[in-house]
Amino acid sequence: MTHEAASTDQSLTPARKPSIIVEGVRKTFLLRRSHSFKEAVIGWIRGKDVWSKKFQAIDDVSFVIDEGESVAILGYNGSGKSTMLKMISGVLEPDAGRVLVRGRLAGLIEVGAGFHPDLSGRENVYLNAAILGMKKHEIDARFDDIVEFSGIEPFIDQEVKHYSSGMFMRLAFSVAIHAELDILLVDEILSVGDAPFRAKCQEKIHSLAQEGKTMVIVSHDLDMVRDLCERGIVIREGHQIFDGPIEEALEKLAS
Amino acid sequence: MTTSVDLTEYRQPGRGRGLLDVFSWRYLLRLLVRQGTQTRYRNSVLGWTWSYVKPAAQFLVFYIVMGVFLQFHRDIENFAVYLFAGIVVVNFFNEAFGNATRSIVDNGALVKKIYLPRELFPIAAILVAFIHFLPQAAILLVVCILLGWVPSFAGIGATLLAIAIVAAIALGLGLFFGALNVAYRDAQNFVELIQLFSTWSVPVLYTWQMPEAQLPEWLFTVYMSNPLVVAVELFHEAMWRPTTSSAFPPPEDMLLHGGVAIAICIAALTLGQTVFRRFERRFAQEL
Ligand SMILES: Nc1ncnc2c1ncn2[C@@H]1O[C@H](COP(=O)(O)OP(=O)(O)OP(=O)(O)O)[C@@H](O)[C@H]1O
Ligand SMILES: [Mg+2]
């Protein structure tokens with residue numbers, strides 16, 4: 001099994017339990033023509049389906065991710081990576097197969113998804129941490145760390161819509177990695193952070209991995225993926241074509 | 001391989017417990033409500049005053065047409081209070097129901113990207129409507145006190161029951177139409193129809209005796225079973241009647257109608273939640 005191959009290089013710590021189990025998952029999108037009752041009713045009367053076309057976004061994907069692993073999901077644009085991540089987070093439901101998870105998981109698909117432009121940085125930190133499932137006292141306890149890590153203290157009481165996109169990302173990412181979670185899912189991580197901030201984030205992510213947090217990362221930044229993950233799953237047009245050590249996965253991706 | 005793992009500690013992501021989950025997300029709910037009330041009138045000069053201007057204008061129009069032109073204030077003692085008590089209830093319903101229906105689509109960015117119990121959004125919408133209802137209710141209360149209203153246990157009980165009925169029916173319908181609205185945006189047009197209907201089908205601009213005189217008995221029973229009618233009548237009993245001396249009597253069988261209304265609320269909540277949960281699985285891909 002593919003998973004066997006992945007765990008050989010971690011045989012030093014054998015008794016790790018899986019935190020994410022993906023079994024024979026499929027996702028079909030129905031590309032619908034219209035959003036109105038009228039069309040739906042007319043289509044129904046004429047015996048035609050409003051669902052014009054089916055699109056198989058994920059086809060029979062299975063893998064197991066152990067506690068404390070950092071795994072990259074690799075693939076070209078439109079290959080189904082975000083779809084896979086959304087099914088792990090619970091945002092989308094698989095049409096066949098199943099996804100099982102253990103522990104606190106934030107369905108964080110895009111860093112900063114819950115930010116509200118009209119609120120200040122401070123209010124957004126609270127709002128987003130709450131969206132990630134944190135309680136008030138947990139956020140209070142970590143607030144200073146979050147702001148310090150983001151490095152934007154002077155602007156924390158300004159409205160977020162006046163932030164530069166880098167500042168925005170820094171704050172959003174900082175909230176995400178300070179959340180009290182066992183599983184962290186990140187899509188398109190750090191696309192706009194500057195070099196020093198990226199280095200800082202990589203360091204932080206390494207230390208989270210050391211603490212036994214499970215991470216699933218989707219990114220087109222192959223250097224960063226190589227640095228952060230020990231294992232890669234390659235998806236091409238919805239099919240899983242490789243699951244194994246990151247170097248081999250990157251080769252497979254390019255081939 | 002996975003068969004060797006004990007699966008009892010695992011759960012399927014995205015499968016929540018519906019409305020019950022909202023209790024464990026109280027803090028986020030509070031923030032969503034605060035955000036809903038604070039950002040609503042951002043960048044508007046009058047700000048919160050709009051919450052008073054709209055019902056005031058509505059009241060004025062109705063008062064002039066119904067009270068002065070149609071001379072209702074001759075037949076109904078303290079017609080202004082009677083009218084305003086009803087308007088406040090109907091506005092609460094219309095706003096709560098409309099907000100709840102739109103809440104999923106309005107929060108589409110979040111629903112698409114992060115898994116949360118989605119019931120949070122309709123509930124937050126209803127709480128925001130409730131917060132807007134409070135200042136209007138406060139004005140009503142002040143006017144009633146000036147007219148000699150004194151608090152009573154029955155009155156307070158009736159007020160709370162009316163609020164609970166309106167919130168429950170608005171949430172039930174809001175869950176139902178909010179879920180439909182994701183797939184079919186024309187659900188919003190139905191909502192407008194229901195809002196129009198709710199303004200005229202309840203005894204706000206007239207008294208309950210008028211439909212009784214015109215409708216066959218069975219139809220009047222149906223009319224009186226509308227939870228909104230019951231809520232409005234409860235409000236009239238609690239706020240308006242104590243300010244009057246020789247008003248027409250309250251409708252008969254209020255207890256029976258109240259019971260039916262509560263049963264309808266429970267049915268609407270159950271139906272709304274069921275439909276919502278069925279559609280919820282596809283929210284993220286259809287938004
Ligand atoms: N809600 C949806 N409805 C219909 N089709 C969808 C939906 N979401 C995704 N798709 C389709 O599924 C396919 C996979 O999309 P996905 O977002 O998972 O790609 P990706 O691997 O994340 O790509 P990228 O690298 O560009 O982020 C695409 O062809 C996309 O058009
Ligand atoms: Mg993507």
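The figures that follow rest on heavy atoms only: side chains count, while hydrogens, waters and symmetry mates do not. By convention in this document, chain letters (A, B, ...) are assigned in the order of the sequence lines, proteins followed by strands, and residues within each chain are numbered from 1.
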Worksheet item: Which bit of A:I139 comes within less than 4.5 Å of chain B, counting heavy atoms only: side chain, backbone, both or neither?
Response: side chain
Response to the item:
Turns out that what part of A:T83 lies under 4.5 Å from chain B's heavy atoms comes down to neither
Practice prompt. Return the option, out of A:M87, A:K27, A:E93, with the maximum number of heavy-atom pairs under 4.5 Å with chain B.
Written response: A:E93
Discussion item. For the interface with chain B, which of A:M134, A:H116, A:K135 has the highest count of heavy-atom pairs at distances below 4.5 Å?
Written reply: A:H116
Discussion item. Going by the rule ring pair (Phe, Tyr, Trp, His ring centres under 6.0 Å), which residues pair with B:F276 if we only count those two or more places apart in sequence or in a different chain?
Written reply: B:F283
Looking at every non-hydrogen atom in both residues, tell me the closest pair between [X] and [Y] and how far apart they are.
X      : Y      : answer
A:A176 : A:L184 : O-CD1, 3.9 Å
B:A170 : B:A96  : CB-CB, 3.8 Å
B:S201 : B:N226 : OG-ND2, 3.8 Å

Item to complete: Taking the side chain as every heavy atom from C-beta outward, state whether B:N91 and B:Q58 have any atom pair closer than 4.5 Å.
Response: yes
Checking heavy atoms, do the side chain of [X], its backbone, both or neither come under 4.5 Å from chain A?
X      : result
B:R26  : neither
B:E280 : neither
B:R118 : side chain

Practice prompt. Taking only Lys NZ, Arg NE, NH1 and NH2, and the carboxylate oxygens of Asp or Glu, determine whether A:D95 and A:R26 approach each other closer than 4.0 Å.
Written response: no
